[in-house]
Protein chains: 2
Amino acid sequence: MHESLTIGQLSARSGVAPSALRYYERLGLIRAERTGGNQRRYARTELRRVAFVRISQQVGVSLEEIREALDSLPSSRTPTPDDWAALSRAWRDRLDEKIRLLGKLRDDLDGCIGCGCLSLQRCTLYNPEDALAAEGPGARLMLARPGADAASD
Amino acid sequence: MHESLTIGQLSARSGVAPSALRYYERLGLIRAERTGGNQRRYARTELRRVAFVRISQQVGVSLEEIREALDSLPSSRTPTPDDWAALSRAWRDRLDEKIRLLGKLRDDLDGCIGCGCLSLQRCTLYNPEDALAAEGPGARLMLARPGADAASD
DNA sequence: CTGCGACCTGAAGCTCACTTCAACTCAAGG
DNA sequence: CCTTGAGTTGAAGTGAGCTTCAGGTCGCAG
């Protein structure tokens, strides 16, 4: 039907606000051609990119990481289903790992809080290396954990 | 040994920066007594609260929600292991739900991206109601999804 | 009682992921 | 040709979750 989509159309079809789409473009997550009058026109394949971005976000991946992942797609040609499949396999591993960690967290929570030992002992619950999902935003420079020993209470 | 902990000690034992502990106090997540000279002294049980906060954050819960959960603990007496167990049961449900959604996401990703249909159709992958983890920060006022229909490409 | 590190406060700064605004231009219908 | 809605930009604002800073105080060892 239409060769390309306006930003409004892409927004409506993806459910992502135009302002967010422009933001994504600045970050290099999606691309757009321009009309003579400087308006964005999106190839329909961009829809897939937007979908990938949003889905990945739901899994807790930052836009920067998503950008890196998308950079692995061939830029010279339109990505094939196989290209996307490779990408999503990598993402699948991420998901598996995240699920594994959440399951561990749940089991530990049962065993730990239940028994009253909830105090960051060897509880694994509190292992920063496990760096699960949901690393909030904000300045995160003071990461060094100096003496962090465990309490008995 | 010590009846109470200084902020430095609590920080060392919990691995949470003093500035963050003060921030948590402002939000009503933890409490502290004060010395004559206005310095904070923490009961050892606060360690458990801090642990609960950090663990919950890892699961993707906002500090505001964590505060609400902690408010359900008895304030008149020191929470018993049973009190904590009740709290963690509720959290466990959260975890179960989150795990379920991630699993769904993973399966959908396999079926969807793999087959090339990744374009927010009935893919469930793209269902905002599923509101998984990691709802990033930031203004989120433009949530209305007007016409959001699906594309065939 | 003097020094020094740990602590105090409030205000400002920072990152992420956006949104909002103002002032302007484009594009298509009547 | 004119209007009207959709699009453009850069700059500034928002909210979460902190950190950093300046300027001052506490508390303990010597």
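Throughout, a chain's letter reflects where its sequence line sits, starting with A, and its residues are numbered from 1.
One interatomic measurement links the two molecules: CG of B:Leu5 to C1' of C:dC7, which rounds to 15 Å at whole-angstrom precision. Taking atom CD1 of residue B:Ile7 and atom P of nucleotide D:dC18, one finds them 14 Å apart after rounding to whole Å. Protein atom CG of B:Leu21 is 15 Å distant from nucleotide atom P of D:dG17, rounded to whole Å. Rounding to whole angstrom units, CZ of residue B:Arg67 and P of D:dA16 are separated by 12 Å. For the pair A:Glu64 CD and C:dC18 C1', the interatomic distance rounds to 16 Å; values are reported in whole Å. The nearest whole Å value for the distance from the OH atom in A:Tyr23 to the C1' atom in D:dT14 is 13 Å.
Within residues 30-38 of chain A, the residues that place at least one heavy atom under 4.0 Å from DNA chain C are, in residue-number order, A:Thr35, A:Gly37.
A search for side chain to side chain donor-acceptor pair (under 3.5 Å) contacts involving A:Glu68 returns nothing, not counting sequence neighbours. Remark: A:Glu65 pairs with A:Val61, A:Ser62, A:Arg94 by the side chain to side chain contact (heavy atoms under 4.5 Å, CB included) rule, at least two apart or across chains. With sequence neighbours left out, A:Arg41 forms a salt bridge (charged side-chain N to carboxylate O under 4.0 Å, His left out) with no residue at all. Legend: residues meeting side chain to side chain contact (heavy atoms under 4.5 Å, CB included) with B:Arg26, ordered by chain and number and at least two apart, are B:Tyr23. Under the salt bridge (charged side-chain N to carboxylate O under 4.0 Å, His left out) criterion, A:Arg22 pairs with no residue, sequence neighbours left out. Every residue two or more places apart in sequence or in another chain that forms a salt bridge (charged side-chain N to carboxylate O under 4.0 Å, His left out) with B:Asp96 is listed here: A:Arg106, B:Arg92.
B:Gln9 has no side-chain polar atom (N or O) that falls below the 4.0 Å cut-off from OP1 or OP2 of C:dA6. OP1 or OP2 of C:dT9 sits under 4.0 Å from a side-chain N or O of B:Arg40. Within the 4.0 Å cut-off from OP1 or OP2 of D:dA16, not a single side-chain nitrogen or oxygen of B:Gln57 is found. Here A:Tyr24 reaches the OP1 or OP2 of C:dC18: one of its side-chain N or O atoms lies under 4.0 Å away. Between A:Arg54 and C:dA17 there is no side-chain polar atom (N or O) within less than 4.0 angstrom of OP1 or OP2. The phosphate of D:dG7 has OP1 or OP2 within less than 4.0 Å of a side-chain N or O from A:Thr6.
Residue pairs meeting the salt bridge (Lys or Arg N to Asp or Glu O under 4.0 Å) criterion with at least one member in residues 29-38 of chain B, sequence neighbours excluded: B:Glu25-B:Arg34.
Remark: A:Leu70 CG to A:Tyr24 OH distance equals 11.5 Å, nearest 0.5 Å.
Looking at B:Ser11, its side chain does come within 3.5 Å of a backbone N or O of B:Val16 through a donor-acceptor pair.
Sequence order on DNA chain C of the closest nucleotides to B:Arg26 and B:Arg22 puts B:Arg22 first from the 5' end.
Closest to the B:Leu63 side chain, of the nucleotides D:dT8, D:dG17, C:dT9, is D:dG17.
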Check the interface with nucleotides 1-5 of chain C: list each N/O to N/O pair with the protein under 3.5 Å, or write none.
none

